[in-house]
Amino acid sequence: QVQLVESGGGLVQAGGSLNLSCAASGRTFGNRVMGWFRQAPGKEREFVTAISWSGRNTAIADSMKGRFTISRDRGKNTVHLQMNSLLPEDSAVYYCAADRDPREWFTSAKVSDYDTWGQGTQVTVSA
């Protein structure tokens, strides 16, 4: 089965930047949308951004537009999340995930639309 492993999280001051990576091992994803979600303690898992298998289509949550950027390298089965101008409210465990169904593009912001998840990487932004 495919496994997703996130990395790049850590502790950063407000206004700083982090670049998260999601590496896939095992079987490849094929034609699937990839997404990033985040979850803070006591809160629901929240959609961050998504990218098509080709990398030509992206979507991002309104609160993160202009600050976060997603990219994909299909040849290396990796997805990246560049996070700039970080805020304390961005603190959460960040998860990458693969779309439940193979498709060129689908704007999916629901947890239930993804069926393969990484273990998450902690991002902590200090004020």
Side-chain angles (χ1 to χ4, degrees):
Q1 66 175 23
V2 173
Q3 289 186 311
L4 304 177
V5 180
E6 302 94 335
S7 62
L11 176 64
V12 65
Q13 290 184 296
S17 299
L18 286 172
N19 189 289
L20 307 184
S21 296
C22 175
S25 61
R27 296 174 65 88
T28 59
F29 294 107
N31 190 12
R32 296 179 186 269
V33 174
M34 295 292 296
W36 285 93
F37 290 75
R38 68 186 186 185
Q39 187 168 24
K43 297 184 178 180
E44 298 293 320
R45 192 163 296 189
E46 176 188 25
F47 174 76
V48 175
T49 184
I51 189 168
S52 66
W53 75 273
S54 68
R56 292 191 290 269
N57 300 95
T58 61
I60 190 165
D62 288 342
S63 65
M64 285 152 270
K65 289 181 179 178
R67 299 192 299 121
F68 293 4
T69 303
I70 189 171
S71 61
R72 183 172 190 169
D73 184 341
R74 290 187 291 115
K76 297 182 179 180
N77 287 321
T78 58
V79 181
H80 303 280
L81 178 62
Q82 178 65 45
M83 305 187 295
N84 300 321
S85 301
L86 284 163
L87 303 169
E89 48 263 47
D90 294 319
S91 296
V93 176
Y94 283 71
Y95 300 90
C96 65
D99 188 4
R100 180 178 299 277
D101 300 310
R103 46 195 157 201
E104 177 68 26
W105 176 238
F106 170 62
T107 304
S108 178
K110 296 178 61 178
V111 170
S112 60
D113 286 333
Y114 298 81
D115 67 354
T116 303
W117 295 82
Q119 85 290 346
T121 185
Q122 177 70 51
V123 171
T124 303
V125 184
S126 62

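Below, each value reflects all heavy atoms present in this structure, side chains not excepted, and no hydrogens, waters or symmetry copies.
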Fill in: Gap separating the OG atom of S52 from the CG atom of D99, nearest 0.5 angstrom
11.0 Å

Discussion item. For residues V93 and L86: do they belong to one hydrophobic cluster (side chain heavy atoms under 4.5 Å, members Ile, Leu, Val, Met, Phe, Trp, Tyr)?
Written reply: no

Discussion item. Please report the interatomic distance OG(S54) to CD(E104), rounded to the nearest 0.5 Å.
Written reply: 4.5 Å

Practice prompt. Indicate yes or no: at least one non-hydrogen side-chain atom of D90 is less than 4.5 angstrom from one of R38.
Written response: yes

Item to complete: State, to 0.1 Å, how close G8 and L18 come at their nearest heavy-atom pair, and which atoms those are.
Response: O-CD2, 3.7 Å

Worksheet item: Would you say the side-chain atoms of T121 pair up with the backbone N or O of G9, donor to acceptor, closer than 3.5 Å?
Response: yes

Worksheet item: Are any side-chain N or O atoms of T49 and backbone N or O atoms of A59, one a donor and one an acceptor, separated by less than 3.5 Å?
Response: yes

Worksheet item: For M83, which of L20, V12, V48 qualifies under side-chain contact (heavy atoms from CB on, under 4.5 Å)?
Response: L20

Worksheet, complete the sentence: Scanning both residues in full, the closest heavy-atom pair of R72 with V79 reads CG-CG2, 4.1 Å

Worksheet item: Does the pair T78 and S21 meet the rule for a side chain to side chain contact (heavy atoms under 4.5 Å, CB included), with working shown?
Response: CA-CA 7 Å; T78 58; S21 296; 5.9 Å; no

Worksheet item: Where is the tightest heavy-atom contact between Y95 and G118, given as atom of each residue plus distance?
Response: CD2-O, 3.5 Å

Discussion item. How close do A50 and S108 get, counting heavy atoms only, and between which atoms?
Written reply: CB-O, 4.4 Å

Discussion item. Closer than 3.5 angstrom, by distance alone: can the side chain of Q39 be matched with the main-chain N or O of A92 as a donor-acceptor pair?
Written reply: no

Discussion item. Taking C96's backbone N and O only, do any of them form a donor-acceptor pair with E6's side chain (distance below 3.5 Å, no angle check)?
Written reply: yes

Worksheet item: Just by modelled atom types, is the V125 backbone N or O under 3.5 Å from a matching donor or acceptor in the S91 side chain?
Response: yes

Fill in: Separation of D113 CG from D101 CG (nearest 0.5 Å)
8.0 Å

Worksheet item: So, does R103 use its side chain to make a donor-acceptor pair with the main chain of V33 at under 3.5 Å?
Response: no

Worksheet item: Quick one: NE2 on H80 to CD1 on I51, what's the gap to the nearest 0.5 Å?
Response: 10.0 Å

Discussion item. Quick check: is I60 connected to V123 through a chain of hydrophobic side chains (ILVMFWY, heavy atoms under 4.5 Å apart)?
Written reply: yes

Worksheet item: How many angstroms lie between atom CZ of R32 and atom OG1 of T116, to the nearest 0.5 angstrom?
Response: 7.0 Å

Discussion item. With rounding to the nearest 0.5 angstrom, report the OG1 to CG distance, T124 to L11.
Written reply: 6.0 Å

Practice prompt. Treating Ile, Leu, Val, Met, Phe, Trp and Tyr as nodes and any side-chain heavy-atom pair under 4.5 angstrom as an edge, say whether M64 and I70 lie in one connected cluster.
Written response: yes

Discussion item. Under 4.5 Å between side-chain heavy atoms, counting indirect links through other Ile/Leu/Val/Met/Phe/Trp/Tyr residues: same cluster for F37 and L81 or not?
Written reply: no

Practice prompt. Take R45 and W117 through the test side chain to side chain contact (heavy atoms under 4.5 Å, CB included) and record every step on the way to the result.
Written response: CA-CA 12 Å; R45 192 163 296 189; W117 295 82; 3.4 Å; yes

Discussion item. Would a single hydrophobic cluster contain both W36 and W105, if residues Ile, Leu, Val, Met, Phe, Trp and Tyr are joined by side-chain heavy-atom contacts under 4.5 Å?
Written reply: no

